[in-house]
Amino acid sequence: MIAGTPDRVCRTLAAVQAVAPLIAAGRDDFDGGRRLPDAVFGALADAGLFRLWLPEALGGPELSPFEFMSVVEAASALDGSVGWLVGNGGGMSRIGGYLGEAVARDWFADRHSFVASSTGAVGTAIPVDGGYRVSGRWPFGSGAHHATRFMVLASVKPEDPDAPLICCYPGRGDVTILDNWHVSGLRGTGSCDFEARDIFVPAAHAHPFLGLRPTQAGLLYRMPPSSVFAWSICGVPLGIASGAIASFAELACRKSRLGTRALLRDRETVQATVGRTRAMLRAARAFLIDAMRDLMAVTETGGEWLVEARATIRIANAHAAETAMSITDMLAASAGTAAIFETCSLERAVRDVHAAVKHIAMSPNNYIIAGRLALGLDPGTARF
(Lines give C-alpha, C1' and ligand atoms only; values in the text may rest on other atoms or scores of the structure.)
Protein backbone atom coordinates (compact mmCIF):
# COMPACT_ATOMS: atom_id res chain seq x y z
CA MET A 1 0.00 0.00 0.00
CA ILE A 2 1.23 3.51 -0.82
CA ALA A 3 2.22 5.49 2.26
CA GLY A 4 -0.40 7.99 3.35
CA THR A 5 -3.42 6.32 1.77
CA PRO A 6 -6.61 7.55 3.47
CA ASP A 7 -9.11 5.54 5.48
CA ARG A 8 -11.35 4.97 2.46
CA VAL A 9 -8.60 2.97 0.76
CA CYS A 10 -7.95 1.01 3.93
CA ARG A 11 -11.65 0.13 3.99
CA THR A 12 -11.52 -0.91 0.34
CA LEU A 13 -8.46 -3.07 0.95
CA ALA A 14 -10.24 -4.64 3.92
CA ALA A 15 -13.19 -5.38 1.62
CA VAL A 16 -10.82 -7.13 -0.79
CA GLN A 17 -9.53 -9.35 1.99
CA ALA A 18 -13.08 -10.05 3.16
CA VAL A 19 -13.83 -11.62 -0.25
CA ALA A 20 -10.69 -13.81 -0.08
CA PRO A 21 -12.40 -16.89 1.43
CA LEU A 22 -15.10 -16.83 -1.25
CA ILE A 23 -12.47 -16.53 -3.97
CA ALA A 24 -10.50 -19.45 -2.52
CA ALA A 25 -13.62 -21.60 -2.26
CA GLY A 26 -14.72 -20.90 -5.83
CA ARG A 27 -11.36 -20.86 -7.56
CA ASP A 28 -11.71 -24.33 -9.09
CA ASP A 29 -14.77 -23.05 -10.94
CA PHE A 30 -12.83 -20.19 -12.52
CA ASP A 31 -11.08 -22.44 -15.01
CA GLY A 32 -14.01 -24.76 -15.74
CA GLY A 33 -16.52 -21.96 -16.25
CA ARG A 34 -13.95 -19.65 -17.90
CA ARG A 35 -15.52 -16.76 -16.03
CA LEU A 36 -16.01 -15.70 -12.42
CA PRO A 37 -18.90 -17.45 -10.67
CA ASP A 38 -21.87 -15.13 -10.13
CA ALA A 39 -21.37 -15.24 -6.36
CA VAL A 40 -17.76 -14.06 -6.62
CA PHE A 41 -18.57 -11.34 -9.13
CA GLY A 42 -21.47 -10.18 -6.98
CA ALA A 43 -19.31 -10.00 -3.86
CA LEU A 44 -16.72 -7.90 -5.70
CA ALA A 45 -19.44 -5.58 -6.98
CA ASP A 46 -21.02 -5.28 -3.53
CA ALA A 47 -17.59 -4.28 -2.19
CA GLY A 48 -17.53 -1.39 -4.67
CA LEU A 49 -14.55 -2.74 -6.60
CA PHE A 50 -16.06 -1.97 -10.01
CA ARG A 51 -16.60 1.74 -9.30
CA LEU A 52 -13.18 2.77 -7.93
CA TRP A 53 -12.80 5.63 -10.43
CA LEU A 54 -16.39 6.80 -10.45
CA PRO A 55 -16.35 10.58 -9.79
CA GLU A 56 -17.06 11.75 -6.27
CA ALA A 57 -19.74 14.04 -7.70
CA LEU A 58 -21.59 10.91 -8.81
CA GLY A 59 -21.22 9.12 -5.49
CA GLY A 60 -18.00 7.28 -6.32
CA PRO A 61 -14.70 7.13 -4.42
CA GLU A 62 -12.63 8.68 -7.27
CA LEU A 63 -9.44 7.07 -5.99
CA SER A 64 -6.09 8.54 -6.90
CA PRO A 65 -4.00 6.51 -9.35
CA PHE A 66 -1.79 5.30 -6.48
CA GLU A 67 -4.74 4.29 -4.33
CA PHE A 68 -6.28 2.51 -7.29
CA MET A 69 -3.08 0.55 -7.97
CA SER A 70 -2.86 -0.61 -4.36
CA VAL A 71 -6.38 -2.06 -4.58
CA VAL A 72 -5.72 -3.78 -7.92
CA GLU A 73 -2.49 -5.26 -6.57
CA ALA A 74 -4.26 -6.59 -3.48
CA ALA A 75 -7.00 -8.21 -5.57
CA SER A 76 -4.46 -9.66 -8.01
CA ALA A 77 -2.41 -11.15 -5.17
CA LEU A 78 -5.50 -13.21 -4.28
CA ASP A 79 -6.15 -14.27 -7.87
CA GLY A 80 -5.04 -12.95 -11.24
CA SER A 81 -8.47 -13.17 -12.85
CA VAL A 82 -10.07 -11.32 -9.94
CA GLY A 83 -7.44 -8.59 -10.11
CA TRP A 84 -7.82 -8.31 -13.88
CA LEU A 85 -11.55 -7.68 -13.60
CA VAL A 86 -11.12 -5.24 -10.71
CA GLY A 87 -8.56 -3.33 -12.78
CA ASN A 88 -10.72 -3.37 -15.89
CA GLY A 89 -14.10 -2.83 -14.25
CA GLY A 90 -12.91 -0.37 -11.64
CA GLY A 91 -10.88 1.39 -14.31
CA MET A 92 -13.77 1.73 -16.74
CA SER A 93 -15.88 3.45 -14.09
CA ARG A 94 -13.83 6.53 -15.01
CA ILE A 95 -16.16 7.01 -17.98
CA GLY A 96 -18.40 8.77 -15.47
CA GLY A 97 -15.94 11.64 -15.93
CA TYR A 98 -16.46 11.77 -19.70
CA LEU A 99 -20.19 11.16 -20.14
CA GLY A 100 -23.07 13.50 -19.40
CA GLU A 101 -24.03 13.43 -15.74
CA ALA A 102 -27.55 12.09 -16.31
CA VAL A 103 -26.23 9.18 -18.41
CA ALA A 104 -23.47 8.35 -15.94
CA ARG A 105 -25.83 8.42 -12.96
CA ASP A 106 -28.22 6.11 -14.75
CA TRP A 107 -25.54 3.61 -15.75
CA PHE A 108 -23.87 3.43 -12.34
CA ALA A 109 -26.98 3.55 -10.16
CA ASP A 110 -26.60 -0.21 -9.72
CA ARG A 111 -23.43 -1.24 -7.84
CA HIS A 112 -23.28 -4.30 -10.10
CA SER A 113 -22.76 -2.11 -13.18
CA PHE A 114 -19.73 -3.27 -15.16
CA VAL A 115 -18.35 -1.89 -18.41
CA ALA A 116 -16.43 -4.37 -20.58
CA SER A 117 -14.11 -2.59 -22.99
CA SER A 118 -12.29 -3.53 -26.16
CA THR A 119 -9.84 -1.46 -28.16
CA GLY A 120 -8.43 -4.42 -30.10
CA ALA A 121 -10.57 -3.86 -33.20
CA VAL A 122 -12.43 -1.03 -34.92
CA GLY A 123 -16.06 -1.28 -35.92
CA THR A 124 -18.19 1.09 -37.95
CA ALA A 125 -20.40 3.89 -36.64
CA ILE A 126 -22.61 5.33 -39.35
CA PRO A 127 -23.99 8.76 -38.30
CA VAL A 128 -27.79 8.90 -38.23
CA ASP A 129 -30.31 11.23 -36.64
CA GLY A 130 -29.61 11.26 -32.89
CA GLY A 131 -26.62 8.92 -32.89
CA TYR A 132 -24.95 6.12 -34.82
CA ARG A 133 -25.68 2.72 -36.37
CA VAL A 134 -22.87 0.57 -35.02
CA SER A 135 -21.57 -2.78 -36.26
CA GLY A 136 -18.46 -4.83 -35.60
CA ARG A 137 -16.75 -7.60 -33.72
CA TRP A 138 -14.39 -6.86 -30.88
CA PRO A 139 -12.01 -9.18 -28.98
CA PHE A 140 -10.99 -9.49 -25.32
CA GLY A 141 -14.17 -8.28 -23.64
CA SER A 142 -13.00 -8.98 -20.10
CA GLY A 143 -15.99 -9.62 -17.84
CA ALA A 144 -18.33 -9.83 -20.84
CA HIS A 145 -20.69 -12.33 -19.22
CA HIS A 146 -21.37 -9.94 -16.34
CA ALA A 147 -21.19 -6.66 -18.26
CA THR A 148 -24.03 -4.18 -18.33
CA ARG A 149 -22.33 -1.99 -20.95
CA PHE A 150 -19.64 -2.53 -23.59
CA MET A 151 -17.14 0.08 -24.73
CA VAL A 152 -16.13 -0.36 -28.38
CA LEU A 153 -14.02 1.57 -30.85
CA ALA A 154 -15.66 2.54 -34.12
CA SER A 155 -14.94 4.73 -37.11
CA VAL A 156 -17.45 7.13 -38.60
CA LYS A 157 -15.46 6.96 -41.86
CA PRO A 158 -14.52 3.30 -42.29
CA GLU A 159 -13.14 4.02 -45.76
CA ASP A 160 -10.49 6.31 -44.20
CA PRO A 161 -7.97 4.41 -42.02
CA ASP A 162 -6.75 7.69 -40.51
CA ALA A 163 -10.19 8.99 -39.52
CA PRO A 164 -10.68 9.79 -35.81
CA LEU A 165 -12.23 7.01 -33.76
CA ILE A 166 -15.10 7.23 -31.30
CA CYS A 167 -16.00 5.18 -28.23
CA CYS A 168 -19.52 3.79 -28.29
CA TYR A 169 -21.33 2.13 -25.39
CA PRO A 170 -23.95 -0.41 -26.47
CA GLY A 171 -26.01 -2.09 -23.78
CA ARG A 172 -25.88 -5.76 -22.90
CA GLY A 173 -28.94 -6.55 -24.98
CA ASP A 174 -27.33 -5.02 -28.07
CA VAL A 175 -24.38 -7.39 -28.33
CA THR A 176 -23.84 -11.10 -28.81
CA ILE A 177 -21.12 -12.72 -26.71
CA LEU A 178 -19.07 -15.33 -28.54
CA ASP A 179 -17.94 -18.10 -26.19
CA ASN A 180 -14.36 -18.39 -27.43
CA TRP A 181 -12.32 -17.78 -24.26
CA HIS A 182 -10.30 -21.03 -24.26
CA VAL A 183 -6.90 -19.93 -22.98
CA SER A 184 -4.04 -20.90 -20.68
CA GLY A 185 -4.06 -18.00 -18.20
CA LEU A 186 -6.58 -15.57 -16.73
CA ARG A 187 -9.25 -18.11 -17.58
CA GLY A 188 -11.67 -16.70 -15.04
CA THR A 189 -11.88 -13.32 -16.78
CA GLY A 190 -14.30 -14.52 -19.46
CA SER A 191 -12.60 -12.21 -21.98
CA CYS A 192 -14.71 -13.34 -24.93
CA ASP A 193 -15.20 -11.71 -28.29
CA PHE A 194 -18.52 -9.96 -28.78
CA GLU A 195 -20.28 -8.47 -31.77
CA ALA A 196 -23.01 -6.00 -32.70
CA ARG A 197 -24.97 -5.80 -35.93
CA ASP A 198 -26.45 -2.49 -37.02
CA ILE A 199 -27.50 -1.37 -33.55
CA PHE A 200 -28.45 2.18 -32.62
CA VAL A 201 -26.19 4.01 -30.15
CA PRO A 202 -27.42 7.46 -29.05
CA ALA A 203 -24.97 10.32 -29.43
CA ALA A 204 -25.06 10.76 -25.62
CA HIS A 205 -23.64 7.23 -25.34
CA ALA A 206 -20.52 8.01 -27.38
CA HIS A 207 -17.48 10.26 -27.19
CA PRO A 208 -14.17 10.74 -29.05
CA PHE A 209 -11.45 8.16 -28.40
CA LEU A 210 -8.67 10.76 -28.42
CA GLY A 211 -9.02 14.41 -27.50
CA LEU A 212 -12.23 13.98 -25.52
CA ARG A 213 -13.41 16.68 -23.15
CA PRO A 214 -14.02 15.63 -19.55
CA THR A 215 -17.33 16.41 -17.91
CA GLN A 216 -15.86 16.23 -14.39
CA ALA A 217 -13.15 18.44 -12.92
CA GLY A 218 -10.94 15.83 -11.28
CA LEU A 219 -7.33 15.47 -12.42
CA LEU A 220 -7.95 11.81 -13.23
CA TYR A 221 -10.35 12.74 -16.03
CA ARG A 222 -8.03 15.41 -17.45
CA MET A 223 -5.08 13.06 -17.83
CA PRO A 224 -4.51 11.35 -21.20
CA PRO A 225 -7.13 8.56 -21.36
CA SER A 226 -4.77 6.08 -23.03
CA SER A 227 -2.26 6.52 -20.21
CA VAL A 228 -4.94 6.15 -17.55
CA PHE A 229 -6.31 3.04 -19.23
CA ALA A 230 -2.86 1.44 -19.30
CA TRP A 231 -2.37 2.29 -15.62
CA SER A 232 -5.66 0.62 -14.69
CA ILE A 233 -4.25 -2.86 -15.40
CA CYS A 234 -0.52 -2.42 -14.79
CA GLY A 235 -0.93 -3.36 -11.13
CA VAL A 236 -2.23 -6.82 -12.04
CA PRO A 237 1.09 -8.52 -12.85
CA LEU A 238 2.72 -6.87 -9.84
CA GLY A 239 -0.06 -8.17 -7.61
CA ILE A 240 0.26 -11.66 -9.09
CA ALA A 241 4.00 -11.54 -8.41
CA SER A 242 3.41 -10.34 -4.84
CA GLY A 243 1.01 -13.21 -4.25
CA ALA A 244 3.53 -15.63 -5.75
CA ILE A 245 6.22 -14.47 -3.32
CA ALA A 246 3.88 -15.05 -0.38
CA SER A 247 2.82 -18.45 -1.72
CA PHE A 248 6.40 -19.52 -2.29
CA ALA A 249 7.44 -18.44 1.21
CA GLU A 250 4.65 -20.58 2.68
CA LEU A 251 5.64 -23.52 0.47
CA ALA A 252 9.32 -23.21 1.32
CA CYS A 253 8.55 -23.50 5.02
CA ARG A 254 7.02 -26.95 4.61
CA LYS A 255 8.51 -28.49 1.48
CA SER A 256 11.83 -30.21 0.98
CA ARG A 257 13.60 -30.99 -2.25
CA LEU A 258 13.08 -34.51 -3.55
CA GLY A 259 15.65 -36.88 -2.10
CA THR A 260 16.49 -34.67 0.90
CA ARG A 261 14.97 -33.81 4.26
CA ALA A 262 16.13 -30.19 4.24
CA LEU A 263 13.40 -27.59 3.87
CA LEU A 264 13.61 -25.22 0.92
CA ARG A 265 13.75 -22.23 3.24
CA ASP A 266 17.06 -23.43 4.69
CA ARG A 267 18.88 -23.27 1.35
CA GLU A 268 20.85 -20.08 0.76
CA THR A 269 20.00 -20.10 -2.94
CA VAL A 270 16.31 -20.07 -2.05
CA GLN A 271 16.81 -17.32 0.51
CA ALA A 272 18.64 -15.26 -2.10
CA THR A 273 15.86 -15.81 -4.64
CA VAL A 274 13.21 -14.58 -2.22
CA GLY A 275 15.28 -11.54 -1.32
CA ARG A 276 16.00 -10.76 -4.95
CA THR A 277 12.36 -11.06 -6.03
CA ARG A 278 11.28 -8.72 -3.24
CA ALA A 279 13.80 -6.14 -4.44
CA MET A 280 12.69 -6.57 -8.05
CA LEU A 281 9.05 -6.09 -7.12
CA ARG A 282 9.64 -2.92 -5.12
CA ALA A 283 11.88 -1.45 -7.81
CA ALA A 284 9.31 -2.04 -10.54
CA ARG A 285 6.57 -0.53 -8.39
CA ALA A 286 8.74 2.50 -7.56
CA PHE A 287 9.34 3.16 -11.26
CA LEU A 288 5.60 3.04 -11.93
CA ILE A 289 4.83 5.45 -9.11
CA ASP A 290 7.56 7.85 -10.22
CA ALA A 291 6.26 7.79 -13.80
CA MET A 292 2.69 8.48 -12.69
CA ARG A 293 3.78 11.38 -10.49
CA ASP A 294 5.45 12.94 -13.52
CA LEU A 295 2.35 12.43 -15.65
CA MET A 296 0.11 14.01 -13.03
CA ALA A 297 2.47 16.97 -12.68
CA VAL A 298 2.59 17.80 -16.39
CA THR A 299 -1.00 17.00 -17.35
CA GLU A 300 -1.94 20.68 -17.45
CA THR A 301 1.14 21.88 -19.35
CA GLY A 302 0.86 19.84 -22.53
CA GLY A 303 3.64 19.95 -25.10
CA GLU A 304 6.78 17.84 -25.17
CA TRP A 305 6.86 17.25 -21.40
CA LEU A 306 3.45 15.60 -21.51
CA VAL A 307 4.48 13.48 -24.49
CA GLU A 308 7.61 12.39 -22.61
CA ALA A 309 5.60 11.55 -19.49
CA ARG A 310 3.14 9.47 -21.51
CA ALA A 311 6.00 7.51 -23.07
CA THR A 312 7.68 7.02 -19.69
CA ILE A 313 4.60 5.61 -18.05
CA ARG A 314 4.27 3.13 -20.90
CA ILE A 315 7.83 1.84 -20.47
CA ALA A 316 7.21 1.67 -16.71
CA ASN A 317 4.20 -0.54 -17.49
CA ALA A 318 6.25 -2.79 -19.78
CA HIS A 319 9.08 -2.99 -17.26
CA ALA A 320 6.69 -3.88 -14.44
CA ALA A 321 5.13 -6.62 -16.54
CA GLU A 322 8.47 -8.12 -17.51
CA THR A 323 9.66 -7.95 -13.92
CA ALA A 324 6.53 -9.66 -12.59
CA MET A 325 6.92 -12.42 -15.15
CA SER A 326 10.57 -12.93 -14.16
CA ILE A 327 9.63 -13.08 -10.48
CA THR A 328 7.00 -15.77 -10.92
CA ASP A 329 9.24 -17.81 -13.21
CA MET A 330 12.14 -17.63 -10.74
CA LEU A 331 9.95 -18.75 -7.87
CA ALA A 332 8.39 -21.56 -9.86
CA ALA A 333 11.86 -22.80 -10.82
CA SER A 334 12.94 -22.76 -7.16
CA ALA A 335 9.81 -24.66 -6.16
CA GLY A 336 10.70 -27.51 -8.50
CA THR A 337 8.09 -30.07 -9.51
CA ALA A 338 5.59 -28.74 -6.97
CA ALA A 339 4.98 -25.76 -9.28
CA ILE A 340 3.63 -27.89 -12.14
CA PHE A 341 0.63 -29.17 -10.18
CA GLU A 342 -2.66 -27.32 -10.44
CA THR A 343 -3.01 -27.63 -6.68
CA CYS A 344 -0.02 -25.28 -6.31
CA SER A 345 -0.85 -21.59 -6.45
CA LEU A 346 2.43 -20.91 -8.23
CA GLU A 347 1.21 -22.89 -11.23
CA ARG A 348 -1.75 -20.55 -11.61
CA ALA A 349 0.39 -17.46 -10.97
CA VAL A 350 2.75 -18.42 -13.80
CA ARG A 351 -0.13 -18.97 -16.23
CA ASP A 352 -1.92 -15.79 -15.22
CA VAL A 353 1.07 -13.47 -15.31
CA HIS A 354 2.17 -14.76 -18.71
CA ALA A 355 -1.33 -14.03 -20.03
CA ALA A 356 -1.53 -10.58 -18.43
CA VAL A 357 1.74 -9.30 -19.85
CA LYS A 358 0.56 -10.01 -23.41
CA HIS A 359 -1.75 -7.00 -23.20
CA ILE A 360 -0.84 -4.14 -25.51
CA ALA A 361 -0.66 -1.71 -22.56
CA MET A 362 2.37 -3.64 -21.28
CA SER A 363 3.84 -4.67 -24.63
CA PRO A 364 7.61 -4.45 -25.27
CA ASN A 365 6.63 -2.19 -28.18
CA ASN A 366 6.29 0.55 -25.58
CA TYR A 367 10.08 0.67 -25.39
CA ILE A 368 10.12 1.63 -29.08
CA ILE A 369 8.01 4.73 -28.43
CA ALA A 370 10.31 5.99 -25.69
CA GLY A 371 13.36 5.09 -27.75
CA ARG A 372 12.08 7.01 -30.76
CA LEU A 373 11.50 10.12 -28.67
CA ALA A 374 14.95 9.87 -27.09
CA LEU A 375 16.45 9.64 -30.60
CA GLY A 376 14.68 12.77 -31.80
CA LEU A 377 11.98 10.95 -33.77
CA ASP A 378 8.20 11.22 -33.53
CA PRO A 379 6.59 8.56 -31.29
CA GLY A 380 5.27 6.61 -34.29
CA THR A 381 1.73 6.36 -32.91
CA ALA A 382 -0.85 8.51 -31.15
CA ARG A 383 -2.21 5.60 -29.10
CA PHE A 384 0.01 5.73 -26.03
Side-chain angles (χ1 to χ4, degrees), residues 12 16 19-20 22-24 26-27 29-38 40-45 47-53 63 68-94 114-120 138-147 150-151 177 180-194 228-244 288 317-318 320-322 324-325 327-328 345 347-363:
T12 304
V16 172
V19 184
L22 185 62
I23 293 171
R27 185 175 281 113
D29 295 329
F30 291 14
D31 286 358
R34 292 173 291 111
R35 68 186 76 171
L36 292 190
D38 291 345
V40 174
F41 181 90
L44 297 172
L49 298 177
F50 300 138
R51 52 202 294 122
L52 301 176
W53 270 345
L63 298 185
F68 182 94
M69 188 174 77
S70 70
V71 175
V72 172
E73 282 188 277
S76 303
L78 296 177
D79 183 89
S81 291
V82 169
W84 190 258
L85 291 188
V86 169
N88 276 269
M92 283 306 296
S93 65
R94 72 185 182 279
F114 185 98
V115 180
S117 66
S118 175
T119 58
W138 298 268
F140 304 114
S142 298
H145 298 287
H146 295 101
F150 293 77
M151 189 283 279
I177 298 172
N180 63 345
W181 189 243
H182 298 273
V183 292
S184 57
L186 296 178
R187 292 178 186 169
T189 62
S191 302
C192 298
D193 288 15
F194 58 94
V228 175
F229 165 69
W231 179 270
S232 68
I233 55 173
C234 68
V236 176
L238 289 183
I240 294 172
S242 177
L288 272 172
N317 290 348
E322 291 177 351
M325 187 165 59
I327 288 171
T328 54
S345 57
E347 187 271 342
R348 181 184 296 271
V350 169
R351 285 192 288 114
D352 285 350
V353 80
H354 276 259
V357 302
K358 299 297 192 297
H359 195 281
I360 190 172
M362 297 172 275
S363 167

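Remember, predicted model here, so these are calculated numbers, not experimental data.
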Residues that Arg27 engages under salt bridge (Lys or Arg N to Asp or Glu O under 4.0 Å), provided they are two or more places apart
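Expected list: Asp79.
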Calculate, to the nearest 0.5 Å, the distance between atoms [atom1] and [atom2] belonging to [X] and [Y] respectively.
| X | Y | atom1 | atom2 | result |
| --- | --- | --- | --- | --- |
| Asn88 | Ser93 | CG | OG | 11.0 Å |
| His359 | Cys234 | NE2 | SG | 11.5 Å |
| Ser142 | Leu36 | OG | CG | 10.5 Å |
| Leu44 | Leu49 | CG | CG | 5.5 Å |
| Met92 | Arg51 | CE | CZ | 14.5 Å |
| Phe140 | Cys192 | CZ | SG | 11.0 Å |

Taking side-chain contact (heavy atoms from CB on, under 4.5 Å) as the criterion, tell me which of Val82, Ile240, Val71 meets it with Ser76.
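Option passing the side-chain contact (heavy atoms from CB on, under 4.5 Å) with Ser76: Ile240.
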Identify the residue among His354, Met362, Glu73, Glu322 that makes a side-chain contact (heavy atoms from CB on, under 4.5 Å) with Pro237.
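Answer to the side-chain contact (heavy atoms from CB on, under 4.5 Å) test with Pro237 among His354, Met362, Glu73, Glu322: Met362.
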Whether the side chain of [X] engages the backbone of [Y] through a donor-acceptor N/O pair (distance < 3.5 Å, no angle test) should be reported.
| X | Y | result |
| --- | --- | --- |
| Arg34 | Phe30 | no |
| Thr189 | Ser81 | no |
| Asp352 | Leu186 | yes |

Could you pull out the closest heavy-atom pair between [X] and [Y], with the gap in Å?
| X | Y | answer |
| --- | --- | --- |
| Val350 | Thr328 | CG2-O, 3.9 Å |
| Ser232 | Val72 | O-CG2, 4.1 Å |
| Ile233 | Ala361 | CD1-CB, 4.0 Å |
| Asn317 | Ala230 | ND2-CB, 3.3 Å |
| Ala43 | Val19 | CB-CG1, 4.1 Å |
| Gly143 | Leu85 | N-CD2, 3.5 Å |

Restricting to ring-ring contact (aromatic ring centres under 6.0 Å, His included), what partner residues turn up for Trp53, sequence neighbours left out?
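Once residues adjacent in sequence are excluded, the partners of Trp53 under the ring-ring contact (aromatic ring centres under 6.0 Å, His included) criterion are Phe68.
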Does the pair Phe194 and Ser118 meet the rule for a side-chain contact (heavy atoms from CB on, under 4.5 Å), with working shown?
CA-CA 9 Å; Phe194 58 94; Ser118 175; 4.0 Å; yes
With the threshold set at 4.0 Å, does a side-chain nitrogen-carboxylate oxygen contact exist between Arg351 and Asp31?
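Yes, charged N to carboxylate O under 4.0 Å.
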Would you check if Thr119 and Met151 make a side-chain contact, meaning some heavy-atom pair closer than 4.5 Å?
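Sidechains of Met151 and Thr119: in contact.
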Counting the benzene-type ring for Trp, do Trp181 and His145 have ring centres under 6.0 Å apart?
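Not under 6.0 Å, so no.
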Can you check whether Phe114 and His146 have ring centres sitting under 6.0 Å from each other?
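Ring-ring flag for Phe114/His146: false, centres at least 6.0 Å apart.
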